[in-house]
Amino acid sequence: MNFDSPYNPKETEDKIYQLWEKSGFFNPDNLKSAKKPFTIAIPPPNITGSLHMGHALNATIQDILIRFKRMQGFKSLWVPGIDHAGIATQSVVEKKLKKEGKTRFDLGREKFVEEIWKWKNESGNRILDQLKRLGASCDWSRTRFTMDNGYNAAVLEAFIQYYHKGWIYRGERVVNWCPRCQTSLSDLELEYQEEKTHLWYIKYPLALRQAQGDNNYIIVATTRPETMLGDTAVAINPKDARYKNLVGQNVLLPLANREIPIIADRIIDIGFGTGAVKVTPAHSLVDWQIGQAHQLPMISVIDERGRINDNAPEIYRGIKVEEARKKIIDDLNAAGLMEKIEDYTHSVPKCYRCDSTVELILSKQWFVKMAELAKFAMAPVKTGKIKFHPKRWGKIYLDWLKSARDWCISRQIWWGHQLPVFFCQKKQEEFSISNFQFSNKNDEEFIISIQKPKECPFCKNCEMKQSEDVFDTWFSSALWPFAILGWPARLASESVAGRPAPTSDLKTYYPTDVLSTARDIINLWVARMVFSGEALVKKPPFREVIIHATIITKEGRRMSKSLGTGTDPLELIEKYGADATRFGLAWQISEAQDIRFGEEDTLAGKKFCNKIWNASRFVLLAQSGVSHPTGDHPKGGKSLTAADKKILAGIKKLEKKVTKHIEKYEFGKALHLLYEFFWHQYADIYIETAKQQLADEKLKSQTQKMLLEVHTSLLKLLHPFLPFITEEIWRTFGALNGSKNLLITEKWPN
RNA sequence: GGGCGGUUAGCUCAGUGGUAGAGCGCUUCGUUUACACCGAAGAGGCCGCAGGAUCAAUCCCUGCACCGCCCACCA
């Protein structure tokens, strides 16, 4: 180690990280003296991802905790891994193909999935390597992937168990559909964007004309004129005096030339538009509900590519939705049926992966019933078995669960876990959305099975066909905390009556202790992990949930690569070093909802590292010519000066406070205290005093011991925050007293 | 429409029922054997606005304003 120049992270970090990896201490099985386990399951980053500030912050938080607990003597396990990220990954590879002028359909399913695996093997580990650069002390020997063999088994097992409990059903519903990704989406995979559009007031002529001349039609207001081709009713509120006498009559649906009834339903808002609303059960959720209540037929007019289908009049078929809207407006104008147009602003759902406008279409999908599972998810939070930090997120979590709708878990993409569902070919009619003019088709015959049945149990002589659908990515990530620990693998010795028995990892490390994540996936992920854990393993998956702040730019804007507004944590590491980067992040941690990230704090971290570096040099130089017999402790000596006593007392207090803050997940506070103490109490005051004491022969030896004592205590306290530099310095100090222990496993001083 | 968070020094943010703090920036001075990625000293704040309970509020309560986030089936 070269103390003659400022601290150089580049010379240290790789070397130290290799030392740690070689030591094997990231794997808690090698922590011989450790007793109680402490576990964190990393929120698996997407395989397509590259480390961003959010990851860096979260990794810093988790690593501080893991290192802290490891030093405290816990069997600390931080399990790393990656998520296959169905739609996201598929679109990355699709984009790559597009450059070659191909689509996934050109390749076919098998070849395409092969392409993705190839891509995964080439660049899928990038983010994990980046985490290492930050100093993350994960147990890499336990690295998992949501599509590795064991994990696949967990996904199928979960589905089958849910199915047998009656919590899964297949049904034709109005679902969110991304026309670009060609798949269904769950409600949580939508992002709403405000759009300025219009409210069109359209005249629907009454089929049975009244004597009074001005009652020839009823006017409906809509933001989606194009879906009128699929209208099967006009609805009004039963209390609306304006239309009371029209209920039960029919109108002649313009353009489509069908007669549809006027119905009354309390769900209709009298104040919206004209108070009369067109009902399109196949393309709107509310309308679907109305349709169910009034037994209306469903006419699907938009297909899975976002085009008008064959259920519409011929002139509109095959046209994209946006164009169909224009054409229909023109045609209504031409027919004199457009009453008026108003400006209107409302939120339009977009695909969270590709930003396309999401259509609501009628489709047969698999759903998880939320009624039971929401109870599972709520119970441990209500009883305090799971605690949120900050507390307020617990309420948000519960609020969502109270009204959560059934979860659509099937996706029509190719990258993911294929549903373990097999259909009888003979009885299965080829599924095509445009065939669904009317509902009430009976379910096809299918069976749920991990392996393809040898014989079709229905017709006895067909080759059964597996469902082409894959699971929603979140269905598999919901199993993360226990799937990564071995669930549902059966150990012959432990299996009980054929039921899944926990593996030893599951026994030892489950439930995990802390989950640290971002607030935007509380419902998407956290809630689902909780009910999955409760339902499948009978235990909540973690005890504490840390919801960390979102990192935004100093100007208050979202950090985004495409906007060019992001800070790249790897650049920070390059520029300031990993410790400084961690410092810059930890320094800004508080309970606030956002962190407006300023690079100055990273610079401060770099300077702090240098301060530690130089103070260490001083302490080492001051030791020259001294040998320290082990056990020779300065404490209690009669010769302690006032300064000695003060710094020792200060350290004691600091140890208590830092411990307390880390335990309360107040990492920013802990770091501020450490910084203040090291720099101003220790370096500015004590070291300066020590210089004088060293010059005094009577105090010299005592002071040398004091410096070493205080310094090593501080290195320990700093280690979870600044692991590289503290470990590097620790090695030099170890050389002094013959100790070869790594700092990562030194005992936490409290 | 509902809920939540924020409003403190030029910037980013801590903080406490009783003289207001940090990092960065700024000013002045300082190369004495850890460190100029430093040290010493300093400037800079009606702690968003208006009320209320209190001996006393930046901190507690109420209302308001502005910024931001989330949820919701206004078609």
Side-chain angles (χ1 to χ4, degrees), chain A residues 3-8 174 187-188 191-192 199-200 220-225 227-228 231 234-235 265 267-281 283-290 344 346-347 349 360 390-393 395-397 399-400 402-405 519-520 522-523 549-550 552-558 576-577 580 583-584 587-622 666 668-669 671-673 675-676 679-680 683-684 687-688 690-691 694-695 707 711:
Chain A
F3 268 124
D4 291 341
S5 50
Y7 172 62
N8 183 351
V174 172
D187 293 337
L188 294 172
E191 269 171 16
Y192 286 86
L199 199 53
W200 286 273
V220 300
T222 181
T223 57
R224 301 212 55 192
T227 64
M228 67 179 285
D231 285 2
V234 166
D265 195 300
I267 204 169
I268 303 300
D269 178 358
I270 296 179
F272 178 84
T274 58
V277 154
K278 63 196 251 342
V279 181
T280 324
H283 298 292
S284 153
L285 275 168
V286 198
D287 294 9
W288 188 82
Q289 279 174 19
I290 297 173
Y344 194 73
H346 72 150
S347 300
L360 291 164
K391 230 169 138 186
R392 60 175 185 271
W393 298 110
K395 192 176 171 294
I396 304 231
Y397 172 98
D399 280 352
W400 176 73
K402 267 181 229 155
S403 54
R405 286 214 312 264
R519 64 169 179 269
D520 51 340
I522 291 177
N523 302 327
T550 302
I552 56 178
T553 70
K554 213 168 178 178
E555 294 74 36
R557 300 209 296 163
R558 182 155 284 220
Y576 303 102
F583 180 101
W587 186 260
Q588 296 180 58
I589 291 174
S590 71
E591 288 204 348
Q593 69 170 0
D594 294 323
I595 291 176
R596 291 191 175 206
F597 187 80
E599 210 170 300
E600 308 81 49
D601 296 324
T602 313
L603 176 66
K606 188 188 169 202
K607 290 182 174 178
F608 186 45
C609 285
N610 200 235
K611 188 76 181 175
I612 296 169
W613 188 251
N614 284 304
S616 305
R617 178 197 328 195
F618 172 78
V619 173
L620 279 174
L621 286 175
E666 298 166 339
K669 283 182 188 170
L671 186 56
H672 281 85
L673 283 177
Y675 178 91
E676 201 281 335
W679 203 304
H680 302 298
D684 287 348
I687 287 186
E688 290 309 315
K691 286 177 186 170
L694 286 168
L707 281 169
H711 203 77

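Letters A, B, ... are given to chains in the order of the sequence lines, protein chains preceding strands, and every chain is numbered from 1. All figures in this text were calculated on a predicted structure; none of them were measured in a lab. What you see below is based on every heavy atom in this structure, not just the backbone, and it leaves out hydrogens, waters and symmetry mates.
- Residues meeting the side chain to side chain donor-acceptor pair (under 3.5 Å) test with A:R596, sequence neighbours left out: none.
- Applying the salt bridge (Lys or Arg N to Asp or Glu O under 4.0 Å) test to A:D399 and every residue at least two apart in sequence or in another chain returns A:K395, A:K402.
- Take A:L621 and apply the side chain to side chain contact (heavy atoms under 4.5 Å, CB included) test, not counting sequence neighbours, and it matches A:R617.
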>> Counting primed atoms plus P, OP1 and OP2 as sugar-phosphate and everything else as base, spell out the protein contacts along nucleotides 68-75 of chain B at 4.0 Å heavy-atom distance: B, S or - for each nucleotide, 5' to 3'.
In response: BS---BBB
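- Residues passing the side chain to side chain contact (heavy atoms under 4.5 Å, CB included) test with A:A690 are A:Y686, A:T703, A:L707, sequence neighbours excluded.
- Every residue two or more places apart in sequence or in another chain was checked for a salt bridge (Lys or Arg N to Asp or Glu O under 4.0 Å) with A:E676, and none qualifies.
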> Based on Watson-Crick and G-U pairs with both distances under 3.5 Å, what dot-bracket line describes RNA chain B 5' to 3', crossing pairs as [ ] and inter-strand pairs as |?
Replying inline: (((((((..((((....[..)))).(((((.......))))).....(((((..]....))))))))))))....
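- Applying the side chain to side chain contact (heavy atoms under 4.5 Å, CB included) criterion to A:K278, with sequence neighbours excluded, gives A:Y204, A:V220, A:T222, A:T227, A:M228, A:D231, A:T280.
- By the salt bridge (Lys or Arg N to Asp or Glu O under 4.0 Å) test, A:R405 is found to be paired with A:D187, residues two or more places apart in sequence or in another chain being considered.
- The salt bridge (Lys or Arg N to Asp or Glu O under 4.0 Å) search around A:K669 returns A:E666, not counting sequence neighbours.
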> For nucleotides 24-29 of chain B, read 5' to 3', which letter fits each nucleotide if B means a protein heavy atom sits under 4.0 Å from the base, S means only the sugar-phosphate is that close, and - means neither?
Replying inline: S-----
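- In this view, A:A604 and A:F583 satisfy the side chain to side chain contact (heavy atoms under 4.5 Å, CB included) rule, not counting sequence neighbours.
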